[in-house]
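Some notes on the structure that comes next.
Only a predicted model underlies this, so the values are computations on that prediction, with no experimental measurement involved. Each chain gets a letter, A, B and so on, in the order its sequence line appears, and its residues count up from 1.
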2 protein chains.
Amino acid sequence: MNSAAHAINMKSKPKATGKRAIREANERLIMEAAEQEFAQTGFKGATTEAIARRAGVPKANLHYYFSTKADLYNRVIEDVCGHWLAAAEPFDKTDDPRTALRGYITAKMDQARMRPYGSRVWAMEVICGAPVINSYLHTVLKPWYEKRTAQVNTWIRAGKMNPVDPQALFFMIWATTQHYADFGPQISVLNDDQILSEGQFIRATDQVCQIILTGVGLKP
Amino acid sequence: MNSAAHAINMKSKPKATGKRAIREANERLIMEAAEQEFAQTGFKGATTEAIARRAGVPKANLHYYFSTKADLYNRVIEDVCGHWLAAAEPFDKTDDPRTALRGYITAKMDQARMRPYGSRVWAMEVICGAPVINSYLHTVLKPWYEKRTAQVNTWIRAGKMNPVDPQALFFMIWATTQHYADFGPQISVLNDDQILSEGQFIRATDQVCQIILTGVGLKP
DNA sequence: GTCTATAACCGGATAGAC
DNA sequence: GTCTATCCGGTTATAGAC
């Protein structure tokens with residue numbers, strides 16, 4: 001019914017990039033709106049009409065670009081997954097535990113600040129049993145996790161850091177950094193009904209690094 | 001259809017406490033079912049029919065005990081809030097930071113293990129903007145938080161622990177302990193598709209205490 | 001590609017017999 | 001207090017004109 005094929009295969013004269021550009025722009029618009037709606041009301045609570053309204057398009061157009069609500073949700077989740085991996089990247093660039101952990105925590109905190117809705121969609125998906133991202137957890141997250149825990153164990157055996165359970169360490173990093181995105185509404189209440197400023201976020205990042213690095217026997 | 005209550009309430013004249021006992025038993029049954037359904041699909045995703053089915057009562061009976069779905073949700077949330085406070089109690093019993101933090105973290109981890117669905121309902125409520133518990137956050141959580149952060153600052157000024165930001169410390173404790181409940185599905189995947197055993201939970205509790213206490217300059 | 005109108009469906013809530 | 005049948009509002013998805 002839609003399909004890139006249709007967009008590509010045009011007879012008259014729209015420029016080569018015309019329809020494709022329209023599609024990409026509208027898909028992006030709709031996905032951004034969907035990310036916010038899904039984050040604020042859950043998959044079932046979000047309505048295609050509210051998403052369309054937020055995106056500034058008629059509801060029928062949303063269904064023109066994404067055949068079903070579930071399809072749209074999947075696309076949003078995939079996008080968040082890609083983003084999630086990007087935050088993990090700094091961890092690959094060094095073999096020094098202090099640098100690696102600081103870089104990783106900082107990247108995750110930046111992500112929490114810059115894209116809180118994506119983090120919330122991910123959180124709700126996992127809380128609800130991860131029906132959609134289950135295969136992703138097995139094929140992507142688990143291998144990543146096993147490689148990283150092995151790396152931490154190597155550092156421990158080399159005496160570079162305290163003998164802590166890598167599982168507990170990674171769970172703590174994930175939980176703490178994502179808390180700043182996921183529990184934003186609660187944090188705001190405790191911050192005199194103001195969302196954390198950039199300065200407060202930077203300070204929080206520094207504190208998280210300090211406690212965790214000190215906690216595993218590294219210099220903060 | 002089934003229900004212990006029905007078996008208890010035999011034919012003629014129920015004792016003075018008969019109806020009240022029936023009501024309490026059925027309300028408890030329905031609320032437990034609701035806690036699971038709300039946790040697994042969110043407020044909008046949970047259907048009164050699924051809750052009733054899980055509780056083993058007809059849907060009309062659910063509406064007899066709880067006039068609306070929102071009313072039922074409120075009751076579940078209130079119950080979870082009470083439980084949440086109970087976990088905070090150990091923090092009140094001592095003025096030694098090591099004992100207080102260990103006790104608090106342990107209580108929160110026990111809660112994550114024993115009542116994961118309650119934690120998940122709370123998490124989804126906060127993620128979605130805390131529309132229902134907003135006043136609770138202001139009237140209960142915020143005073144608690146301010147009292148506790150002041151206490152931590154007192155310990156810091158007395159040189160009993162490192163000068164960390166109490167906000168970062170409490171967020172880390174909340175995030176990490178609740179992660180074991182909220183992100184259970186993800187944790188299971190990383191644990192070879194098995195939920196954490198009691199032994200693993202105890203070990204995790206110990207590790208969390210070790211990293212955090214060491215992180216703030218206390219003996220674990 | 002865009003948009004209005006509507007079909008088809010589902011879920012919350014209730015009526016009223018037992 | 002229990003339960004079946006039903007109403008009604010709201011949501012997804014589509015038909016069909018532009």
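- Closest to the A:Thr68 side chain, of the nucleotides D:dT2, D:dA13, C:dG1, is D:dA13.
- What separates NZ of B:Lys59 from C1' of D:dC3 is a distance of 12 Å, to the nearest Å.
- Results of the side-chain contact (heavy atoms from CB on, under 4.5 Å) test with B:Asn74 over B:Asp79, B:Thr68, B:Ile133, B:Val132 single out B:Val132 as the only residue that passes.
- A:His63 has no side-chain polar atom (N or O) that falls below the 4.0 Å cut-off from OP1 or OP2 of D:dT14.
- When the nucleotides C:dT2, C:dA15, D:dT2 are ranked by their closest atom to the side chain of B:Ala60, C:dA15 comes out on top.
- The shortest distance between the side-chain N/O atoms of B:Thr48 and the OP1/OP2 oxygens of C:dG11 is not below 4.0 Å.
- The backbone N or O of A:Trp174 lies less than 3.5 Å from a partner atom in the side chain of A:Thr177, making a donor-acceptor pair.
- In this structure, A:Lys19 places its NZ atom 5 Å from P of C:dG1, rounding to the nearest Å.
- Regarding A:Phe66, its CZ atom lies at a distance of 21 Å from the P atom of D:dT11, rounded to whole Å.
- With respect to the salt-bridge test (charged N to carboxylate O, under 4.0 angstrom), the residues A:Arg28 and A:Glu32 qualify.
- Put simply, B:Tyr65 has a side-chain N or O that comes within less than 4.0 Å of OP1 or OP2 on D:dT2.
- The side chain of A:Pro58 sits closest to C:dT4 out of C:dG1, D:dC3, C:dT4.
- The distance between atom CG of A:Asn26 and atom P of C:dG1, rounded to the nearest whole Å, is 8 Å.
- With rounding to whole Å, A:Lys44 atom NZ is found 9 Å from D:dT11 atom C1'.
- The distance between atom CG of B:Asn61 and atom P of C:dG12, rounded to the nearest whole Å, is 16 Å.
- The interatomic distance linking B:Glu49 (CD) with D:dA5 (P) rounds to 13 Å, in whole Å.
- When the side-chain nitrogen and oxygen atoms of B:Lys69 are compared with OP1 and OP2 of C:dG12, one or more of them lie within a distance under 4.0 Å.
- By the 6.0 Å contact criterion, CG on A:Leu85 is enclosed, its count of non-hydrogen atoms from other residues, nucleotides or ligands being greater than 12.
- A:Ala46 comes within contact range of the sugar-phosphate backbone alone, with a heavy-atom separation under 4.0 Å but no base atom that close.
- Between A:Asp206 and A:Arg102, at least one side-chain N (NZ, or NE/NH1/NH2) sits under 4.0 Å from a carboxylate O, which counts as a salt bridge.
- Residue B:Tyr64 contributes atom OH, which lies 15 Å from atom P of C:dA15 at whole-angstrom precision.
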